[in-house]
Amino acid sequence: MPWIYLAIAGLFEVAWAVGLKYTEGFTRLVPSLLVGAAMIASMGLLGLAVRHLPIGTAYAVWTGIGTLGAAVFGMLVLGEPAGALRLGCIGLIAAGIVGLKLLHA
């Protein structure tokens with residue numbers, strides 16, 4: 001169950017990180033409230049996950065999911081560059097997440 005909490009926490013991290021773009025510096029109420037709710041959910045679920053997982057592993061996986069999700073969203077939705085080097089670096093982050101999970105299994 002802690003890995004499920006961690007995965008969902010990572011998805012909420014993607015949501016708030018991407019949502020920051022739409023708050024326009026926290027000047028738009030609804031996007032700002034949604035970002036705040038996603039932050040609380042993300043941190044709360046991370047807190048549940050670290051009850052049973054090492055903090056270093058959980059934090060690295062959590063931030064990795066957020067990094068991957070925000071980068072992929074940026075490329076697919078916002079038209080950010082998707083060059084080979086950038087995709088390779090994203091692949092390395094994904095490999096690190098998988099490696100941490102496998103080492104803790």
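K21 places a side-chain heavy atom less than 4.5 Å from the side chain of L78. With a 4.5 Å cut-off on side-chain heavy atoms, M75 and I90 count as touching. Between E80 and R86, some side-chain heavy-atom pair lies under the 4.5 Å cut-off. Counting only heavy atoms from C-beta outward, the side chains of I40 and F12 never approach each other to under 4.5 Å. Residues R51 and P2 are not in side-chain contact: their nearest non-hydrogen atoms beyond the backbone lie 4.5 Å or more apart.
Criterion: ILVMFWY side-chain heavy atoms under 4.5 Å apart, direct or through other members. Under it, F73 and L68 are part of a common hydrophobic cluster. The cluster map of Ile, Leu, Val, Met, Phe, Trp and Tyr, joined by side-chain heavy atoms under 4.5 Å apart, puts W16 and L46 in different clusters. I55 and W62 fall within the same hydrophobic cluster, where Ile, Leu, Val, Met, Phe, Trp and Tyr residues are linked whenever their side-chain heavy atoms come under 4.5 Å apart, directly or through other members. In the hydrophobic cluster analysis, where Ile, Leu, Val, Met, Phe, Trp and Tyr join through side-chain heavy atoms closer than 4.5 angstrom, W3 is grouped together with V14. I65 and Y5 are members of different hydrophobic clusters when ILVMFWY side chains are connected at heavy-atom separations under 4.5 Å.
The environment of OH in Y59 is sparse: at most 12 heavy-atom neighbours from other residues, nucleotides or ligands sit within 6.0 Å.
Note that CG of L6 and CG of L100 are 10.0 Å apart. Values are rounded to the nearest 0.5 Å. Separating the OG1 atom in T63 from the CD1 atom in I93 is a distance of 9.0 Å, to the nearest 0.5 Å. Residue L34 holds its CG atom at 12.0 Å from CE of M39, rounded to the nearest 0.5 Å.
Side-chain atoms of S42 come within 3.5 Å of backbone atoms of A9 as a donor-acceptor pair (strictly under, hydrogens ignored).
Minimum interatomic distance between A58 and V50 (heavy atoms only, all atoms of both residues): CB-CG1, 3.6 Å. Contact detail for T27 and S32: the closest heavy-atom pair is N-OG, 4.2 Å.
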Would V35 and Y22 count as a side chain to side chain contact (heavy atoms under 4.5 Å, CB included) here? Give the steps. CA-CA 9 Å; V35 164; Y22 301 99; over 6 Å; no
